[in-house]
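Per chain, numbering begins at 1; letters A, B, ... match sequence-line order. The figures here come from the full heavy-atom set of this structure, side chains too, leaving out hydrogens, waters and symmetry mates. Computed from a predicted structure; not experimentally measured.
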Amino acid sequence: MALRFYNTLTQRVEDFTPLDGKTVRMYTCGPTVYHYVHIGNLRTSLFQDILRRWLAYRGYTLMHVMNITDVEDKIIRNAMQQGKSLSEYTAQYEQAFLEDMATLRMQRPERIVRATEHIEEMVANVEALTAKGFTYVAEGSVYFRIASFPSYGKLSHIHFEGQMAGARLDMDEYEKDDARDFVLWKARKGDEPFWDTRLGPGRPGWHIECSAMAMKYLGETLDIHTGGIDLTFPHHENEIAQAEGATGKQFVRYWLHAEHLLVDWQKMSKSLGNFYTLRDLLEKGYSPEAIRYQLSQVPYRNKLNFTFDGLAASSTALDRLRNFKLRLDTAKFAEGANAALSEAAIKARAAFDEGMDADLNTAEALGAVFEYVRIANIAMDAGEFKVGNTPQAHALLDHFDAIFQVLAVTRAAGAKDDAEIQALVDERTQAKKARNFKRSDEIRDQLAADGIVLEDTKDGVRWKRK
RNA sequence: GGCGCGGUAGCCAAGUGGUAAGGCAGAGGUCUGCAAAACCUUUACUCGCGGGUUCGAUUCCCGCCCGCGCCUCCA
């Protein structure tokens, strides 16, 4: 079956077809760099990475733009408190975010753009809206008048007629004509940073950066727009108003939203003390691959309740796959090929692909790999796995890992290199042959202390990094 | 109150109108100088509850209960 995604706009799973042949124009709402991102943010980034990789596998050329929000209330507040400029303050967190992405083996989008470098595009977007009568000015700020945009609410499926029974309203924003209206351009306030523009001195509202930058780099109609589910309203709804108000054309064809990562079944927040950064987990000794696995294994549209038990389980599950690969690389197989196993490899590959095509069902895809691993292990135990079956097994693992990116071990700084380890392993084998168990056990313990595990198998000794 | 997502074995989780993938944990076993590691076997007559449609529902419809999120510049 074809590649298909759940589209928030239509609330249905739809076949995916880009507007322009094999090119996919995709925009991602990246982080607001006022602090280190947490693993919930990274889960969303990881969904985007997997989406990228799968689109590429399916033969599409990506034009993927991700923004960095580097001007915003918390950034301004924190930067001013620390006596830093905005860019001085945000640079450290932007850098940290990019490092986190690399640690988790995420690809960089084709283009990463910063809000503060696109003020002119935002001003132009606001002007286009004003020209069409969608805006009004109050106390120097420019607002979008929602009443003038009838389709407002089509993404979040909110009907605004008799709205707001139990919702809270922000009473500070008394200058708005309608509580639902949102700000496009904020008038300069106090000694906050500002830009002198045709809209007057001030700074952009949050939503305008994304519509302006997305259209600048990807055109008026995008294929895919992604983000966390909490951005659906109001952020993405407002992006639609800004873009479609200005162009009169459909802004985004497929809206994909990642569900939240939860801790104790609650959204992460600092006040609850359930806020983890990638650095926190690495300090506790979890590997980047185990974290990547844990964040990938639950399909992106499901909530993922993060627990350390779950992370440990992911680590063990990942070991199973790595052990299989190691066995494939080190065991001795008889000549020939087993037709039934070839069949199993083909089936596993097809099931993996079908799972991924079905709105990136990573759980199903993963299941297909594990099923093959079990079948192959049984065959190896029985001596029925043949040399001729190895290429297919490798191909399946490579195919899986091209998307999941978890099989290679991240080596600690200062770790022994392979040759060094092999020399010790060989020395131990010699000692064992000579029945010098004292020396052989000594080497085994020494390697264990360095995180190297030795495994004696019928085909000889193999080793791996823990 | 409105909108949205979900409730499947101890935990995580896939799935289909015809009688429940996979992973972790647990139990048993194989291998081994000892061990470690690894591998294998095994665990839901049942899919939140109550109705309905159907020859047949976990899967469709209705109602209810429970959890989570959004409705405040939160991924």
Which nucleotide sits closest to the side chain of [X]: [options]?
| X | options | result |
| --- | --- | --- |
| A:Glu364 | B:A14, B:A38, B:G33 | B:A14 |
| A:Asp230 | B:C71, B:A37, B:A75 | B:A75 |
| A:Asp381 | B:C39, B:G33, B:A75 | B:C39 |
| A:Thr316 | B:C39, B:A25, B:A75 | B:A25 |

Return the 5'-most residue of the pair A:Arg435, A:Ser314 with respect to RNA chain B, ranking by each residue's nearest nucleotide. A:Ser314
If you assign each of A:Lys466 and A:Leu304 to its closest nucleotide in RNA chain B, which residue comes earlier from the 5' end? A:Leu304
According to the Watson-Crick and G-U wobble definitions, with both distances under 3.5 Å, which nucleotide is paired to [N]?
| N | result |
| --- | --- |
| B:G28 | B:C40 |
| B:G6 | B:C66 |
| B:A20 | none |
| B:U46 | none |

Quick check: do A:Phe194 and A:Arg203 have side-chain heavy atoms less than 4.5 Å from each other? no
With a cut-off of under 6.0 Å to the ring centre and 45° to the axis, is A:Lys432 in cation-pi contact with A:Phe437? no
Within 45° of the ring axis of A:Tyr152 and under 6.0 Å from its six-membered ring centre, is that where the NZ or CZ of A:Arg180 lies? no
In whole Å, what separates the [atom1] atom of [N] from that of [M]?
| N | M | atom1 | answer |
| --- | --- | --- | --- |
| B:U53 | B:C62 | P | 15 Å |
| B:G63 | B:A27 | C1' | 43 Å |
| B:U19 | B:C24 | C1' | 27 Å |
| B:A75 | B:C5 | C1' | 16 Å |
| B:U8 | B:U43 | C1' | 15 Å |
| B:U58 | B:C47 | P | 6 Å |
| B:C49 | B:C11 | P | 15 Å |
| B:G67 | B:C55 | P | 38 Å |

Side chain of [X], base of [N]: donor and acceptor closer than 3.5 Å?
| X | N | answer |
| --- | --- | --- |
| A:Arg327 | B:A38 | no |
| A:Arg444 | B:C34 | yes |
| A:Lys267 | B:C74 | yes |
| A:His257 | B:A75 | no |

Select base, sugar-phosphate, or nothing to describe what [X] touches, counting heavy atoms under 4.0 Å on all strands.
| X | result |
| --- | --- |
| A:Ser440 | base |
| A:Asn305 | nothing |
| A:Leu42 | nothing |
| A:Gly310 | nothing |
| A:Ala363 | base |
| A:Asp456 | base |
| A:Phe437 | base |
| A:Leu261 | base |
| A:His38 | base |
| A:Lys464 | sugar-phosphate |

Is there a donor-acceptor contact under 3.5 Å from the side chain of A:Asp49 to the main chain of A:Gln107? yes
Salt bridge A:Glu289-A:Arg322, side-chain N to carboxylate O under 4.0 Å: yes
Answer yes when A:Asp359 and A:Arg301 have at least one side-chain N-carboxylate O distance shorter than 4.0 Å, and no when they do not. yes
Given atom [atom1] of [X] and atom [atom2] of [N], what is their separation to the nearest angstrom?
| X | N | atom1 | atom2 | result |
| --- | --- | --- | --- | --- |
| A:Lys458 | B:C40 | NZ | C1' | 14 Å |
| A:Gln266 | B:C68 | CD | P | 6 Å |
| A:Tyr93 | B:A75 | OH | P | 15 Å |
| A:Phe385 | B:A38 | CZ | P | 19 Å |
| A:Asp445 | B:A37 | CG | C1' | 14 Å |
| A:Arg462 | B:U32 | CZ | C1' | 14 Å |
| A:Phe306 | B:C11 | CZ | P | 19 Å |
| A:Met101 | B:A75 | CE | P | 15 Å |

For the residue pair A:Tyr93 and A:Tyr36, is the inter-centroid distance of their aromatic rings smaller than 6.0 Å? yes
Can the ring centroids of A:His236 and A:His207 be said to lie less than 6.0 angstrom from one another? no
Over 12 foreign heavy atoms within 6.0 Å of CG, A:Asp264: no
Measuring to OP1 and OP2 of [N], would you say a side-chain N or O of [X] lies under 4.0 angstrom away?
| X | N | result |
| --- | --- | --- |
| A:Gln297 | B:C12 | no |
| A:Asn377 | B:C40 | yes |
| A:Arg320 | B:G23 | yes |

Check against side chain to side chain donor-acceptor pair (under 3.5 Å), A:Tyr143 and A:Asp178: CA-CA 10 Å; A:Tyr143 292 89; A:Asp178 184 317; over 6 Å; no
Begin from the C-alpha positions of A:His38 and A:Tyr276 and carry the test ring-ring contact (aromatic ring centres under 6.0 Å, His included) through to its verdict. CA-CA 5 Å; A:His38 59 241; A:Tyr276 298 109; 9.9 Å; no
Give me the ring orientation class for A:Trp255 and A:His257: parallel if the planes are under 30° apart, tilted from 30 to 60°, perpendicular past 60°. parallel
B:G67 base stacked by A:Trp265? Criteria: ring centres under 5.5 Å, plane angle under 30°. no
Give every pair of a protein N or O atom and an N or O atom of nucleotides 3-10 of chain B that lie under 3.5 Å apart, one pair per line with the distance.
residue: B:C3; atom: O2'; partner: A:Ser156; partner atom: O; Å: 3.0
residue: B:C5; atom: O2; partner: A:Lys303; partner atom: NZ; Å: 2.8

